[in-house]
2 protein chains.
Amino acid sequence: MTRTTLLPAMQNAATSDTIAQALSLAIHEHRITPGTKLGEDELAEIYGVSRTVVRASLQSLSHLKLVDIRRNKGARVASPSLTEAHEVFEARELLEPRTARSAAKLATPSDIALLERHINEEHAALDTADPGRALYLSGLFHTEIARIANQGTIAGFIETLVARSSLIIALYWRRESALCEKHAHHALVRALADHDEEQAEALMRSHLVDLHSALDLRERNSRAPSLKEALSQ
Amino acid sequence: MTRTTLLPAMQNAATSDTIAQALSLAIHEHRITPGTKLGEDELAEIYGVSRTVVRASLQSLSHLKLVDIRRNKGARVASPSLTEAHEVFEARELLEPRTARSAAKLATPSDIALLERHINEEHAALDTADPGRALYLSGLFHTEIARIANQGTIAGFIETLVARSSLIIALYWRRESALCEKHAHHALVRALADHDEEQAEALMRSHLVDLHSALDLRERNSRAPSLKEALSQ
DNA sequence: GAACACATAATTGTATACAATACAAGAAGA
DNA sequence: TCTTCTTGTATTGTATACAATTATGTGTTC
């Protein structure tokens, strides 16, 4: 983890919030990956603050389950287990379709325009070979829909679930199914624009199921690759 | 807020977690009410630690929306707005019925026994005129069901929603509808014991709707009682 | 060469000191 | 009397210092 990996352009006034946001963005964009050690001194130097402030950010991120803090062992970027991964997507499948339905009822033309801008940015990021940013924007699309639905509490839940999904994708994504969404978001926006609640809910549900099944969440010999296999390569 | 209000029996080793838990319990049991100032020095003295540790607990509680921290203004017990109150219960109505269904599928005899113990304790607390404790146990009943459903992520959401409900009840409960649940929890346990998923889901939904409507969530002249009225008493 | 013990370094946990901000009371002026 | 300014006090924000714990590396023994 280098200075340039984490520092966007923040020469002045780093508060605990801005640091948490910067780290969160770096995690979203896969610039730092699950398991990465987040040393307090290191971060303190990078952002030009004392450990006090850094600790506050790390604690904040640990409440979002983006960072795993263990007593006397420090903080690392979280590595969701298979169980957690399933749970996160099941939670999303429970929350987001209904939320998309509400969003379809409430979406204004300016909401639609914003979502379309997001999609365009996402495609642009893909074209410029910046998959991390594309992934971040793809998540933003989901949190934005939650915001449109005007249910702040649920939107907050979805936001954390989307963030955790980013970790899960980093760990369990299988490249084979690279055909991914591409049109799913477009279709969703269309349903929202048409105030077609039924369709919005259905599209969101199937979109999430697609995502879920595009992950390699089979049971695996986790943490003990039998040693023989691992060394026989 | 006195020593005895917050200190259960903790003469040694108060960590940030134990303090957060103690405060959370006090909030649950309505021993400290929305709006109460939580001064850092005060808490530090009460629990015999430095402000560093206290700050960590308060930040933790603020992530759960039990405490409201404002920069340079300190921490107070949160006072959910009417909007927030509605949102919390709508979120519960979305999450908990489905969770109760899962719990009905998975509940073991020992789970049922535990739930029945909770109900008995709750009644005992009511008999000994300890409504705060009864309220806490009533919330515990809901989080316990979420735990049985074996969906840790959703259970975590429900836990925070239940906690926030405690604040909402402190602010908006109307005594008139004191007939409250009493049997609702019993009926739910029965449905869980019978593995009657349909029934469990339906009962949980109607139970939550009852709770929601037992609140006085009408629009009110919030935060500006016109000054004349306030002073004419 | 492997396993252990010990010393040393690095890192985190907690307390304290200082700086910055907000709040309250009182003084000066209109 | 009311307004406004000033000053003092209390409280929070941040940095630093020290304590406790963990990680590392070296030598020793088998």
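Letters A, B, ... are given to chains in the order of the sequence lines, protein chains preceding strands, and every chain is numbered from 1.
In this structure, the nucleotide among dC23(C), dA15(D), dG13(D) sitting nearest to the side chain of Lys73(B) is dC23(C). Residue Lys37(B) has its side chain nearest to dT12(D) when only dT16(D), dA22(C), dT12(D) are considered.
The separation between Glu40(A) atom CD and dT11(C) atom P is 11 Å, rounded to whole Å. Between Arg70(B) atom CZ and dT11(D) atom P the separation is 18 Å, expressed in whole Å. Between Arg71(B) atom CZ and dT11(D) atom P the separation is 19 Å, expressed in whole Å. Spacing between atom CZ of Arg51(A) and atom C1' of dG13(C) amounts to 8 Å, rounded to whole angstrom units. One can place CD of Glu45(A) at 18 Å from C1' of dT14(D), the figure rounded to the nearest angstrom. Between Gln59(B) atom CD and dT12(D) atom P there is a gap of 13 Å when expressed in whole angstrom units. In this structure, Asp17(B) atom CG and dG13(C) atom P are separated by 11 Å, rounded to whole Å. For Arg55(B) and dA17(C), the CZ to P distance is 17 Å, given to the nearest whole Å.
A side-chain N or O of His86(A) and one of His212(A) form a donor-acceptor pair less than 3.5 Å apart. Side-chain polar atoms of Arg92(B) and His142(B) form a donor-acceptor pair below 3.5 angstrom.
Sorted by first and then second residue, the ring pair (Phe, Tyr, Trp, His ring centres under 6.0 Å) pairs involving residues 48-71 of chain B (not counting sequence neighbours) are His63(A)-His63(B).
Contact annotation: Thr52(B) does not reach the phosphate of dT14(C) (side-chain N/O to OP1 or OP2, under 4.0 Å).
Counting only distance, with no hydrogens or angles, the side chain of Ser57(A) and the backbone of Val53(A) share a donor-acceptor pair below 3.5 Å.
Residue order along DNA chain D, read from the 5' end via each residue's closest nucleotide, puts Asp41(B) first among Asp41(B) and Val53(A).
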